[in-house]
Amino acid sequence: MADKLIFELSGRGKVGYALPKPDVPPLFPEELLPPEVLREYPPQLPEVSEVEVVRHFVNLSQLNYHVDQGLYPLGSCTMKYNPKVGEELAKLPGFRDLHPYQPERTVQGALKLMYELEEMLCEITGMVRFTLQPAAGAQGELTSLLMIRAYHTKRGNPREKVIIPDSAHGTNPASTHLAGYRAVEVKSDPQGLVNLEELRRLMDKDVAALMLTNPNTLGLFESHIKEIADLVHQVGALLYMDGANMNALLGITRPGDLGFDAVHLNLHKTFSTPHGGGGPGSGPVGVNEKLVDFLPVPLVEKGEKGYKFDYDQPNSIGKMQGFYGNFGVMVKAYIYLRMLGAKGLREVSEGAIVNANYLMKGLKDYYYLPFDRFCLHEFVLSGSRQKAKGVKTLDIAKRLLDYGFHAPTVYFPLIVPEALMIEPTETESKESLDGFVEAMKKIAQEVEEDPELVRSAPHTTPVSRLDERKAAKDLDVRWKG
Ligand SMILES: *Cc1c(COP(=O)(O)O)cnc(C)c1O
């Protein structure tokens with residue numbers, strides 16, 4: 001068990017290697033280095049054997065749940081399994097050891113990769129150009145809104161409001177506020193889609209943009225997208241797509257064809273970078289002709305003498321990120337796209353959609369399904385039936401850990417009480433989906449028969465319920481040896 005710190009395993013003289021005695025005289029640091037750079041004491045490092053260090057870290061990795069362990073159905077997050085080959089190739093010295101100040105002629109391969117990645121993202125989304133700079137979806141949103149502000153300003157008036165559906169991710173109103181706009185909410189209709197009547201009422205010349213997630217965070221495709229786009233464009237506003245749910249659309253439809261003027265993608269959700277550990281991420285933004293002049297600098301251009309950074313964009317909003325964004329994430333996206341090809345990409349989305357609908361059908365007799373219609377890559381259940389028996393959605397989420405599954409996203413989207421937002425992704429087999437349905441069924445039964453068992457879960461994890469407030473506010477990770 002990983003109940004000890006590695007320092008507590010340490011013993012004087014234990015080593016993780018066995019080497020033959022050198023057949024040349026040994027050299028000591030004192031003989032090689034001037035005294036002023038020598039340490040007074042040896043560094044206080046743990047001394048452990050190889051097997052101890054391997055066991056220590058393998059055991060630590062078991063304390064938390066991860067996608068290498070089992071299904072991770074966090075809705076909205078697209079926690080799919082990402083092929084390890086991406087990690088291996090992104091580690092190649094030619095990628096890994098680049099320095100951002102290297103002259104362009106020495107980084108032609110990296111520039112080519114960025115250029116071609118941009119081309120592929122344009123093709124996938126139907127957009128004209130992309131910036132690869134933003135380091136997250138949220139930063140992509142901000143980048144887009146700053147471009148939208150620059151667009152309107154150039155036309156004489158930056159405008160005041162950005163309209164956002166009530167099912168949207170919290171980053172949408174936050175980015176809106178940061179870009180100096182006021183967020184105005186539009187309600188969902190009983191089908192879980194944007195309420196068109198209300199949208200019509202809200203549209204006026206003060207609206208800078210509508211931010212729409214499609215498919216929305218209920219996993220439903222906004223089927224009135226054509227009418228919505230017309231309403232937005234009639235008042236001269238722009239239509240922005242939060243593309244975090246792109247895992248449902250690859251090779252099937254394109255934001256550009258649906259009438260969107262800008263879209264951000266989350267490479268760390270859709271395009272093969274693991275996330276959940278806080279980064280690094282990448283939230284590239286694609287735009288159509290209306291916004292192309294405002295993209296951040298630099299863009300990568302292909303010239304006669306090779307690839308180069310182009311800073312000559314007079315209307316650019318400037319830089320959004322130190323240097324060029326998270327390059328390692330771009331490498332993984334590039335590899336993933338080249339590996340799958342157009343056909344493979346479409347299969348990703350089809351698999352994600354089939355898996356989500358399979359789970360939804362398997363679960364809807366046991367949990368309330370507020371929007372009972374064909375879903376895309378995710379769907380939302382409500383634990384309201386179980387709540388009436390005194391068991392909260394949070395308790396169900398914790399109990400799932402006892403059955404070896406990570407919990408789905410809970411209490412989001414906000415418009416569904418006791419929400420359980422489930423996204424299986426395309427990388428799960430039928431067997432693992434069946435296992436999840438079985439576990440959820442068992443929990444529903446436990447709620448009837450032994451609600452306390454669920455309320456006090458988890459019972460099998462290294463620690464049970466944590467004091468979440470304390471973990472966030474009084475974090476203390478110092479070693480007190
Ligand atoms: C994840 C997500 C975001 C934010 O992306 P980050 O990369 O976490 O900043 C925005 N909108 C939706 C719908 C998301 O799922």
Side-chain angles (χ1 to χ4, degrees), residues 72-80 82 121 125 130-146 162-179 183 185 188 192-194 209-222 239-250 255 260 262-286 320-321 325-326 328-330 332-333 349 352 356 375-380 408-416 419-425:
Y72 211 128
L74 271 188
S76 195
C77 292
T78 309
M79 300 295 276
K80 62 190 189 185
N82 297 296
L121 296 181
T125 56
F130 261 83
T131 170
L132 303 173
Q133 264 180 47
Q139 202 187 17
E141 294 169 21
L142 178 62
T143 304
S144 305
L145 288 164
L146 292 177
V162 171
I163 312 241
I164 303 173
D166 57 3
S167 60
H169 196 274
T171 49
N172 291 189
S175 308
T176 298
H177 181 75
L178 278 179
E185 184 178 277
S188 300
L193 303 177
V194 168
L210 168 68
M211 289 181 98
L212 205 62
T213 311
N214 198 15
N216 67 22
T217 59
L218 296 163
L220 304 176
F221 188 78
E222 291 287 352
L239 186 58
Y240 175 74
M241 179 162 130
D242 177 332
N245 291 342
M246 198 66 200
N247 212 44
L249 304 184
L250 301 172
F260 287 96
V263 57
H264 88 254
L265 303 174
N266 297 58
L267 298 189
H268 48 287
K269 291 181 182 174
T270 316
F271 299 108
S272 192
T273 278
H275 74 295
S282 180
V285 170
M320 288 302 291
Q321 187 62 236
N326 282 325
V329 181
M330 298 173 207
K332 285 181 259 183
S349 287
C375 69
L376 290 197
H377 64 306
E378 65 191 359
F379 60 98
V380 179
T409 296
V410 293
Y411 300 103
F412 179 78
L414 305 177
I415 53 173
V416 174
L420 283 150
M421 183 189 200
I422 303 176
E423 178 179 0
T425 80

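Because only heavy atoms are used, hydrogens play no part in the values below, and waters and symmetry mates are left out as well, while side chains stay in. Every number for a ligand or one of its atoms is a count from 1 in the order of the listing.
For ligand 1, the polar-atom distance check finds no N/O of T213 at less than 3.5 Å from any of the ligand's N/O atoms.
Near A244, meaning under 4.0 Å from any of its heavy atoms, are these atoms of ligand 1: 2 (C), 11 (N), 12 (C), 13 (C), 14 (C), 15 (O).
Under a 4.0 angstrom heavy-atom cut-off, H275 registers as lying outside contact with ligand 1. Under a 4.0 Å heavy-atom criterion, H268 is in contact with ligand 1.
Here OG1 of T171 is found 6.0 Å from CG of D242. Values are rounded to the nearest 0.5 Å. Put simply, OG on S76 and CD1 on I422 are 13.5 Å apart, with the number rounded to the nearest 0.5 Å. Rounding to the nearest 0.5 angstrom, the gap separating the CG atom in L212 from the CD atom in E222 is 5.0 Å. Atom NE2 in H264 sits 11.5 Å away from atom CD in Q139 (nearest 0.5 Å).
The protein heavy atom nearest to atom 2 (C) of ligand 1 is K269 NZ, 2.4 Å. Atom 6 (P) of ligand 1 has G137 N, 3.4 Å as its closest protein atom, hydrogens excluded (heavy atom only). Closest to atom 9 (O) of ligand 1 among all protein heavy atoms lies A138 N, 2.8 Å. Residue, atom and distance of the protein heavy atom nearest to atom 11 (N) of ligand 1 are D242 OD2, 2.5 Å.
Contacts between A136 and ligand 1, counted as non-hydrogen atom pairs separated by less than 4.0 Å, involve both the backbone and the side chain.
Evaluated by nearest non-hydrogen atom to atom 5 (O) of ligand 1, the leading choice among L142, N172, N266 is N266.
Contact between P215 and G219 at its shortest, heavy atoms only, is CB-C, 4.1 Å.
Across E378, K269, E423, a single residue satisfies side chain to side chain donor-acceptor pair (under 3.5 Å) together with T78, and that is E423.
N82 and K332 share no side-chain donor-acceptor pair at under 3.5 Å.
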